[in-house]
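To keep things clear, I will list the structure first and then write my remarks on it.
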Protein chains: 2
Amino acid sequence: MIKYNLKSVTAFAPATCANIAVGFDILGFAIDSVGDFVTLTKREDQKIIIEQIEGINNLPYDILKNTASVVIKKLCDDLQLNTGFNIRLKKGIALGSGMGGSSASSVAALVALNQFLLNPLTLNELAYYALFGEEIACGQRHADNIVPCLFGGMQLILSSNPIENILLPAPNIFCVLIHPHLRLDTKDARDILSKEISLKQHIQQSANLAGFITGIYKKDSNLLKKYTQDIIIEPQRAKLVPGFYKVKDVALQSGAIVASFSGSGPSLFALSDTKNNAEIIADKMQQEFMKYNIHSDFWITGLNSKGAHVTEIYEG
Amino acid sequence: MIKYNLKSVTAFAPATCANIAVGFDILGFAIDSVGDFVTLTKREDQKIIIEQIEGINNLPYDILKNTASVVIKKLCDDLQLNTGFNIRLKKGIALGSGMGGSSASSVAALVALNQFLLNPLTLNELAYYALFGEEIACGQRHADNIVPCLFGGMQLILSSNPIENILLPAPNIFCVLIHPHLRLDTKDARDILSKEISLKQHIQQSANLAGFITGIYKKDSNLLKKYTQDIIIEPQRAKLVPGFYKVKDVALQSGAIVASFSGSGPSLFALSDTKNNAEIIADKMQQEFMKYNIHSDFWITGLNSKGAHVTEIYEG
């Protein structure tokens, strides 16, 4: 039942950077300067309709194929709601950018729906529903975008079924997120990954992960710099983005603590101690991409951004 | 040059529990109630001789095969010392027990030798030499016994070449270390391990490791209980120890936070919140081993034991 007489609710959900080099499928953080808005408007019938999609072409209006509508439908069905919704999506996140666009749409939709119900669902319950959107988008219910998108900040996802996550005490450093104008579907970027790794690689990547988590808790940027290295996934995906290693290197040479793919790419993230340095890094990365005739956008953000939230409510 | 007029030095090095379930080759802690003593006595010539080995039969007197003499010879050669030593070993750690016996002998020998020189070598430098002992003992220079043995406490080994380690803030809990009277050579226990693992296993074990490290920093024993699970190595080695899963289960049923192999086994460790509970756990594990007609010894210790140290100095 809709318990409150609302006409429409708009929610914002941030872009997210998943993996953070050492935590494939288990680490991610939210970006506060870019994201998706979803507006739900109550209908008199019980239909769910995608009314408008702004900011991106080629996103499906078929409600069984769009992550926002899929999760709304699933939650409406499970709660046996006798209400329908028009959905308006305002995408700030490009398709196939590695910035958690599919998650942001489903999370924003769920947060808006939860507001209609006076927020009976916990964030963990919303995360459970958002995973159905990920399944539609890339074939797997991975939670490394969903969780930071919903909860904000830097998140360790210990389990995705059931969702169990821990907010990590991220340092006050700055993230450059740069999006080269290429499209890389998460499903494709997952399909190229080898299903097996060597025990030796596992040991080394485990040490890197442990160095990262320890660096986070000790607030030791030397540890972060030394151990936030992906020896498993990044080498397999680098070939998908022209100039990847050059752009990464230019970030590190310009003082970045770490640089790697954001999620499955093609976007990269880089971390820096100061905002000023982050601006220099972003500029250099963008120039480097231009050597490959690739245009890009970038954002500079803290690591302690808040998660998805309601931005507008209309009664009526 | 021997810079001080000493006749003999004795050093103690503790037993160690490597891996801690989730950190194959990268985690370990020291045990304060058991270990090896090594006495070095200066010789007038430049020979290195193993004079006596107490507490264990079958350890080689050949100085190229015994870990204590191998590392002494290596360090003497590198420093071009014009002194020889008689070595006496008093082994408190059984051979092939999974309690870091080979490390303890080489570490105690190196700490004693360093004392002769007025301690010019750092612990990291001693660790470098101790790795040569590991190579003799099991064919690989892994540092997960060496580092906690030298430094004490619970250690994260981020790199073994060069040695880089971090002392973890281990909680004030108790460790049961139980040694069934079986012998399992580390080399054999390593040789049975699959050289490949699946990416899926890697992801799950990474989440477990991250949960463990986070649990340690947050002092959250629920996290430790839930995530200190080895899904990669333990299942492959369990078959080497009759009753392994029964003994592990009885520990968990008796309130252990975690139980798994100590190092490559056959010993097991279990962690408990209280000393009293640790005693109950140890007793139950011992009884369970007896159902398989396997006798055992056990020790109960804290996790913040100190590392190797000099115990006696004779001038003359």
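First the proteins, then the strands, lettered A, B, ... as listed; each starts at 1.
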Checking [Y] against [X]: is there a side-chain donor and acceptor pair closer than 3.5 Å?
X	Y	answer
Tyr227(B)	Glu164(A)	yes
Asn145(A)	Thr16(A)	yes
Ser106(A)	Glu134(A)	no
Gln229(A)	Asn208(A)	no

(request) For chain B, find which of Leu156(A), Leu158(A), Ile213(A), Ile26(A) contributes the most heavy-atom pairs closer than 4.5 angstrom. (result) Leu158(A)
(request) Considering only heavy atoms and a distance below 4.5 Å, find which of Asp25(B), Val22(B), Ile203(B) pairs most often with chain A. (result) Ile203(B)
(message) Heavy-atom pairs under 4.5 Å with chain A - which of Gly211(B), Gly23(B), Ala210(B) has more of them than the others?
(response) Ala210(B)
(message) Is Ile216(B) close to chain A through its backbone or its side chain, or both, or neither, when contacts mean heavy atoms under 4.5 Å?
(response) neither
(message) Within a 6.0 Å radius of atom CG on Asn172(B), are there more than 12 heavy atoms belonging to other residues, nucleotides or ligands?
(response) no
(request) Answer with side chain, backbone, both or neither: which region of Leu27(A) has an atom nearer than 4.5 Å to a non-hydrogen atom of chain B? (result) neither
(request) Go through the atoms of Ile197(A) and report whether side chain, backbone, both or neither lie under 4.5 Å from a heavy atom of chain B. (result) both
